[in-house]
Amino acid sequence: MDERARRYLAAMDVDVWALRRGGAGDSAADAPAANDIATLDWDTLAAGVAACTACELHTTRKQTVFGVGDRAARWLIVGEAPGADEDRQGEPFVGRAGQLLNSMLGALNLKREQVYIANILKCRPPGNRDPKPAEVVHCERYLQRQIALLNPAIILAVGRIAAQNLLKIDTPIGRMRGQRYTYHPGEIPVVVTYHPAYLLRSPQDKRKAWEDLLLARKVAEQMA
Ligand code: URA
């Protein structure tokens with residue numbers, strides 16, 4: 001962590017954490033205590049993520065990708081992890097998949113700025129590989145706090161990695177979509193759909209994704 005980030009965090013009374021010298025980088029002891037994170041407001045949480053060195057991904061990232069959108073949104077979109085474009089720009093879903101996500105939201109009359117968008121991981125896995133379980137363990141507490149702060153009416157999980165990690169199940173995505181799940185804590189409804197990157201490769205499944213979006217809208221309306 002650079003000195004400026006350290007001073008910034010210290011000024012905000014945020015505990016500073018770092019890898020121990022020679023540590024493997026995936027031990028829970030390197031991460032901030034879950035209790036600390038559970039009390040942070042949006043800005044201190046964002047600063048904590050920006051300074052995070054809890055797993056090896058901090059050594060390869062260009063920057064962290066915290067999340068974007070309306071911090072009072074009713075809709076939370078959860079994806080997998082930043083890709084190369086997101087790593088460069090510091091914002092989730094800005095590449096081709098992001099453009100399709102924007103169109104999917106637009107089909108529901110939702111602008112990107114009206115929802116909140118975040119990922120399971122805040123740092124890009126090199127080569128866009130799947131997140132490792134230890135990385136998810138370290139990182140999910142940030143998303144958990146984002147969800148608690150946002151308290152959305154609906155969570156739309158896009159893709160297998162997002163859905164399985166949010167819901168802690170290993171059901172294949174094809175069997176998860178079309179159903180309503182519940183995220184705990186908070187009893188927040190979750191609808192699962194295909195990842196936009198998958199839909200770019202398999203446009204024949206866009207119709208199913210549209211059905212999922214309509215289900216999500218119906219569930220969100222019921223939460224009004
Ligand atoms: N894919 C994701 O799951 N998240 C992003 O932010 C970009 C691509």
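Quantities reported herein were computed from a predicted structural model and do not represent experimental measurements. We count ligands from 1, going down the list as the structure has it; atoms in each ligand are counted the same way. Side chains included, hydrogens not; waters and symmetry mates left out as well; all remaining heavy atoms used.
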S.K.: So does R207 have more than 12 non-hydrogen atoms from other groups sitting under 6.0 Å from CZ?
M.R.: no
S.K.: What pair of heavy atoms forms the shortest contact from D85 to G95, and how long is it?
M.R.: OD2-CA, 3.4 Å
S.K.: Using the rule that two of Ile, Leu, Val, Met, Phe, Trp, Tyr join whenever any of their side-chain heavy atoms come within less than 4.5 Å, decide whether L76 and I161 are in one cluster.
M.R.: no
S.K.: Of Q146, E135, H138, which is the lone residue that meets side-chain hydrogen bond (donor to acceptor under 3.5 Å, both in side chains) with K122?
M.R.: Q146
S.K.: Heavy-atom contacts with ligand 1 below 4.0 Å: which residues, ordered by chain and residue number?
M.R.: G79, E80, A81, E86, P92, F93, N119, H195
S.K.: According to a hydrophobic-cluster definition based on side-chain heavy atoms being under 4.5 Å apart (Ile, Leu, Val, Met, Phe, Trp, Tyr only), do I188 and Y116 belong together?
M.R.: yes
S.K.: For K62, which residues count as a salt bridge (charged side-chain N to carboxylate O under 4.0 Å, His left out) partner, sequence neighbours excluded?
M.R.: none
